[in-house]
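To keep things clear, I will list the structure first and then write my remarks on it.
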2 protein chains.
Amino acid sequence: MNRRDRNSDDLELFELLEKLGEITDATGIPELLGRLLDIYGLKTVAYLGSGVTAQPGQSPYLAVTYSNEWVDHYKAQRFVDIDPTVQIGMRRMLPIDWDEFDRADEDVRRLFGEAKEFGLGRRGISLPVHGQHGDRALVSITSDASDRDWRYLRLHYMRDFQMLALHMHQAILRLEGKTVEQARLSPRERECLLWVAEGKTAWETAVILGLSEHTVRCYLESARHKLGAANNTHAVNKAGKASLLSQLP
Amino acid sequence: MNRRDRNSDDLELFELLEKLGEITDATGIPELLGRLLDIYGLKTVAYLGSGVTAQPGQSPYLAVTYSNEWVDHYKAQRFVDIDPTVQIGMRRMLPIDWDEFDRADEDVRRLFGEAKEFGLGRRGISLPVHGQHGDRALVSITSDASDRDWRYLRLHYMRDFQMLALHMHQAILRLEGKTVEQARLSPRERECLLWVAEGKTAWETAVILGLSEHTVRCYLESARHKLGAANNTHAVNKAGKASLLSQLP
DNA sequence: CCTAAATCCGGTGTATCTGCCGGATTTACG
DNA sequence: CGTAAATCCGGCAGATACACCGGATTTAGG
């Protein structure tokens with residue numbers, strides 16, 4: 001990829017973002033990913049989403065430009081258990097360069113070695129994305145660019161990738177119909193649930209808030225009803241994912 | 001701000017990011033924010049963090065270039081309850097332009113009117129940030145640029161702001177010593193906790209996983225111990241914030 | 001003015017959780 | 001070859017949650 005100046009063909013990024021915002025069908029995703037490869041001169045790009053679908057015990061969402069062979073091989077070898085992009089990338093906030101991984105590790109070397117044979121680039125970056133409701137994703141790109149070009153890409157286009165990752169995740173969420181109908185809790189309900197979430201009993205919460213234990217139970221009950229939760233634990237989980245437990249109104 | 005090309009003075013962004021990564025003292029933040037204003041020709045910048053400190057029932061973290069008068073006035077008027085940047089911005093994933101807010105709303109008009117008197121720019125964007133542990137932040141910038149310049153800024157520098165917001169949040173987290181010692185749950189423990197979080201009882205979870213109810217209770221107990229949780233609800237909350245409930249290992 | 005919602009309080013019976021006692025095999029690691 | 005951790009199972013007593021019953025005042029909005 002050649003160096004470009006900011007005003008000329010940023011248009012391609014904007015075009016991608018726009019398409020991501022308008023996409024209505026999952027079948028359009030591969031095309032978009034391919035377009036992304038072209039624009040930035042990448043070898044592969046992969047989206048791995050977790051918690052983007054409605055059901056709880058669900059396999060992760062995958063959208064990649066990898067060959068099917070690599071995906072199958074990856075699954076068969078249970079690479080996810082040792083893949084540092086997943087193990088480390090999913091647990092941090094900022095992007096990570098694959099060079100930072102421990103190449104001394106036998107398994108890791110094998111993984112990246114085989115990955116190369118299956119068509120992944122030598123260099124790679126993974127960008128974590130965090131959604132509002134506990135959903136998260138990892139967008140990984142690879143490239144076979146020269147050291148010089150790679151450094152340039154990393155430096156000047158990281159923000160593009162960051163933005164693309166964010167919008168990609170948003171698009172997937174929209175496609176998966178992950179729309180959370182925000183139940184509105186009253187301040188007291190929220191407050192009670194907040195302390196219960198901290199492990200307090202109804203009695204302890206009552207002491208903390210200066211209420212009767214019974215009143216606390218009532219608030220918890222109505223909070224459960226509003227959230228459609230089976231019990232306090234469920235309610236805390238739902239409210240937490242909907243970020244209703246932040247002290248901000 | 002003048003148009004710049006990508007290779008010349010992106011250096012200023014990189015310098016900012018580097019400083020953010022190295023900052024060790026909260027007193028250095030105002031200077032960094034000031035530098036940010038200079039670089040992008042902005043009027044104000046504000047960081048509002050939620051869940052960045054250890055305690056649960058805590059007031060939000062604030063780092064702004066606003067005048068103290070505006071902050072005091074804002075608090076006194078309880079603007080946070082009607083401020084759409086907070087009410088809406090904190091509940092979404094993608095950045096939002098202040099132009100998108102409902103100017104027909106009496107309260108909103110009053111808020112932005114007074115904001116202007118206190119030195120905020122006419123235009124504004126708020127960028128939500130989501131951390132790994134339920135922590136979140138809102139980085140808001142304002143400007144008095146001309147329509148043309150504002151459009152240009154929004155289009156071409158949104159990604160810079162996005163990145164800055166992310167790194168700013170990361171820096172604050174580091175400063176606040178919000179380091180979560182990741183308890184490691186075994187797959188079974190995680191699985192049991194996952195279904196309990198969905199509102200299932202121990203018995204139901206046992207049926208789902210094909211275990212005895214007692215075994216499920218044992219896993220939950222050890223999960224509670226590992227997480228230092230007082231009960232299942234607390235454990236679900238802690239594990240959720242530490243994103244240990246994603247099905248990925 | 002009326003209605004809805006939020007704020008409060010009490011009791012009861014049953015279901016569930018929690019902690020703590022005991023046991024077992026398999027696997028991985030040094 | 002031990003050791004630790006993960007995977008499983010059973011029982012019991014007391015604490016807690018949960019659902020359902022009843023009541024109240026205050027406040028905001030149509």
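A, B, ... follow the sequence lines: proteins, then strands. Residue 1 opens every chain.
- Looking only at distances, no side-chain donor or acceptor of H130(B) sits under 3.5 Å from a matching main-chain atom of V129(A).
- Put simply, CH2 on W203(B) is 9 Å from P on dT16(C), counting in whole angstrom units.
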Check residues 70-78 of chain A and write down every donor-acceptor pair under 3.5 Å in which the side-chain atom is one partner and the other belongs to a residue at least two apart or another chain.
from	atom 1	to	atom 2	distance (Å)
H73(A)	NE2	E114(A)	OE1	2.4
Y74(A)	OH	D83(A)	OD2	2.5
Q77(A)	OE1	R110(A)	NH1	3.4

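- By the 4.5 Å heavy-atom criterion applied to side chains, D135(B) and H169(B) are counted as neighbours.
- For the pair R224(B) CZ and dT16(C) P, the interatomic distance rounds to 16 Å; values are reported in whole Å.
- Protein atom CG of N231(A) is 12 Å distant from nucleotide atom C1' of dA15(C), rounded to whole Å.
- A206(A) comes within contact range of no nucleotide atom at all, as no heavy-atom separation falls under 4.0 Å.
- Judged purely by atom type and a 3.5 angstrom limit, T142(A) has no side-chain atom pairing as donor or acceptor with the backbone of K43(A).
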Only pairs under 3.5 Å count here: list side-chain donor-acceptor contacts from residues 201-208 of chain A, not counting sequence neighbours, and write none if there are none.
from	atom 1	to	atom 2	distance (Å)
T201(A)	OG1	W203(A)	N	3.4
T201(A)	OG1	E204(A)	N	3.1
T201(A)	OG1	E204(A)	OE1	3.4
E204(A)	OE1	T201(A)	N	2.8
T205(A)	OG1	T201(A)	O	2.8

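- Residues forming a side-chain contact (heavy atoms from CB on, under 4.5 Å) with D97(A) (at least two apart in sequence, or on another chain): D99(A), E100(A), I125(A), W150(A), R154(A).
- A heavy-atom distance below 4.0 Å to DNA chain D is reached by these residues of residues 209-220 of chain B, ordered by number: L211(B), S212(B), H214(B), T215(B), C218(B), Y219(B).
- In this structure, the side chain of R217(A) does not engage the main chain of E213(A) through any donor-acceptor pair within 3.5 Å.
- The nearest heavy atom of DNA chain D to P187(B) and to A230(A) marks one nucleotide each, and the one closer to the 5' end goes with P187(B).
- Taking a heavy-atom distance under 4.0 Å as the criterion, the stretch of DNA chain D touched by chain B extends 5' to 3' from dA6(D) to dG11(D).
- The residue among A229(B) and K226(A) whose nearest nucleotide of DNA chain C is located toward the 5' end is K226(A).
- Residue pairs satisfying the ring pair (Phe, Tyr, Trp, His ring centres under 6.0 Å) criterion with at least one member in residues 211-230 of chain B, sequence neighbours excluded, are absent.
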